[in-house]
2 protein chains.
Amino acid sequence: MSGKEIDFKRYIRNIPDWPKKGIMFRDITPLLSDYSIFSAVVDSLCGDYSNDSIDYVAAVEARGFIFGGAVAERLGAGFIPIRKGGKLPWDIEAVTYSLEYGVDKLEIHKDAFAPGSKVLLIDDLIATGGSMLASCELIERLGGQVAGIAFLVELTGLGGREVLKNYSISSLVKY
Amino acid sequence: MSGKEIDFKRYIRNIPDWPKKGIMFRDITPLLSDYSIFSAVVDSLCGDYSNDSIDYVAAVEARGFIFGGAVAERLGAGFIPIRKGGKLPWDIEAVTYSLEYGVDKLEIHKDAFAPGSKVLLIDDLIATGGSMLASCELIERLGGQVAGIAFLVELTGLGGREVLKNYSISSLVKY
């Protein structure tokens with residue numbers, strides 16, 4: 001079964017008022033635990049990319065790692081972890097970005113890849129696009145080229161696609 | 001190249017005094033970023049397991065997710081995330097376990113799998129074995145059977161193997 005024939009929303013659980021009142025949380029754990037669906041998502045995230053068109057797959061912890069590792073494997077690409085502040089042990093490049101309340105920090109190892117490398121970014125969900133924009137900045141500061149960005153879930157209406165308008169974006173499910 | 005022919009240690013960076021003085025940190029990011037090595041690790045973590053012998057792969061965030069998702073994909077199994085406290089949005093089963101200072105909590109969704117399911121646990125590293133023992137307890141509380149546990153790195157001399165003596169354990173690299 002190819003991803004185009006599957007209604008992935010059937011495998012995403014809607015949880016009202018989590019993590020706080022007024023938020024409808026999209027829980028992907030039922031999708032992950034169904035092998036054929038998980039596999040179809042990984043396929044679909046790979047899209048038309050190949051190991052000719054990208055050198056690395058990068059993803060942000062923690063849920064991004066689940067898909068990022070599998071997509072890297074499938075595409076024959078290396079995997080680059082982007083982590084929250086203070087987790088990476090070597091020389092890092094860091095970007096601070098705004099959250100609804102306060103700020104957060106993402107980091108990448110400075111020697112993660114050679115300048116000129118083509119990097120596909122993967123995440124489970126795009127909302128405001130803040131963490132993904134920060135991730136793109138990290139890739140570019142190291143001289144990398146953002147070959148594309150693929151999300152499983154897109155929450156439209158929060159401005160994420162506009163924030164990332166300079167990049168080639170795809171998403172498999174929209175709310 | 002099969003995993004048996006590769007000296008994975010060559011792709012693991014040793015970082016003294018991180019995260020604190022006296023600790024030699026084993027940094028796997030060089031291994032992740034080299035596709036052929038990452039792929040060989042995923043192969044080796046699969047070991048002799050097949051989609052006949054396991055139903056699910058489970059892993060603990062965050063580094064465990066990188067390998068867990070890829071191993072699940074490779075074996076044709078569903079993926080079950082085990083998370084730190086407060087991250088999972090549905091009904092959870094929780095286990096608290098001791099750290100060097102204080103305690104930590106791991107959680108799994110109560111409906112993660114049907115009782116009787118065979119689960120392969122994956123993590124990047126075993127030290128004292130505390131978080132993996134807690135993970136096994138979560139699987140068993142839900143009526144699952146721990147089919148095996150596969151680590152990339154084993155820090156011997158910290159008692160982890162003894163703590164997990166009731167389970168079938170493998171590791172690819174020992175320090």
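Values reported hereafter were calculated over all heavy atoms of this structure, with side chains retained and with hydrogens, waters and symmetry mates removed.
- In this structure, the portions of A:Ile66 lying under 4.5 Å from any heavy atom of chain B include both its backbone and its side chain.
- In this structure, A:Ile92 is not a member of the same hydrophobic cluster as A:Leu142, with clusters built from ILVMFWY side-chain heavy atoms closer than 4.5 Å.
- When each of A:Pro30, A:Gly69, A:Ala62, A:Pro89 is scored by its heavy-atom pairs under 4.5 Å with chain B, the top score falls to A:Pro89.
- Residue A:Tyr56 holds its OH atom at 5.5 Å from OG of B:Ser33, rounded to the nearest 0.5 Å.
- With a 4.5 angstrom heavy-atom cutoff, B:Leu88 touches chain A via backbone and side-chain atoms both.
- Put simply, A:Val103 and A:Val163 are part of two different groups of oily side chains (I, L, V, M, F, W, Y) that touch within less than 4.5 Å, one to the next.
- B:Tyr35 contributes atom OH, which lies 14.0 Å from atom CG of A:Asp55 (distance to the nearest 0.5 angstrom).
- Ranked by heavy-atom pairs under 4.5 Å with chain A, the first of B:Gly76, B:Ala72, B:Ala59, B:Pro81 is B:Gly76.
- The environment of A:Asp48 atom CG is sparse: at most 12 non-hydrogen atoms of other residues, nucleotides or ligands sit within 6.0 angstrom.
- Note that CZ of A:Phe79 and OG1 of B:Thr29 are 11.0 Å apart. Values are rounded to the nearest 0.5 Å.
- When side chains are defined from C-beta on, B:Arg13 counts as touching A:His109, because their heavy atoms get closer than 4.5 Å.
- The candidate with the highest count of non-hydrogen atom pairs below 4.5 Å against chain A, out of B:Trp18, B:Phe67, B:Phe25, B:Phe38, is B:Trp18.
- Residues B:Tyr49 and B:Ile149 do not share a hydrophobic cluster, clusters being chains of Ile/Leu/Val/Met/Phe/Trp/Tyr side chains in contact below 4.5 Å.
- Within 6.0 Å of the CZ atom in A:Arg141, the count of heavy atoms belonging to other residues, nucleotides or ligands exceeds 12.
- Counting non-hydrogen atoms of neighbouring residues, nucleotides and ligands closer than 6.0 angstrom, the NZ atom of B:Lys105 reaches no more than 12 such neighbours.
- With contacts defined as side-chain heavy-atom distances shorter than 4.5 Å, the pair B:Phe65/A:Glu61 does not qualify.
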Report task. Step by step, work out the side chain to side chain contact (heavy atoms under 4.5 Å, CB included) result for B:Arg83 and A:Arg63. Result -> CA-CA 10 Å; B:Arg83 302 211 62 179; A:Arg63 283 190 301 261; 3.5 Å; yes
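- Per-residue counts of heavy-atom pairs under 4.5 Å with chain B were compared for A:Val42, A:Val71, A:Val57, A:Ile80; the largest is that of A:Val42.
- For B:Asp111, the part sitting under 4.5 Å from any heavy atom of chain A is the side chain, from C-beta outward, and nothing else.
- Per-residue heavy-atom pair counts under 4.5 Å with chain A were compared for B:Ala112, B:Ser39, B:Pro19, and the maximum is reached by B:Ser39.
- In the hydrophobic clustering of ILVMFWY residues, with side-chain heavy atoms under 4.5 Å counting as a link, A:Leu45 and B:Leu32 come out together.
- When the side chains of ILVMFWY residues are joined at heavy-atom separations under 4.5 Å, either directly or via intervening members, B:Leu125 and B:Val41 end up in a single hydrophobic cluster.
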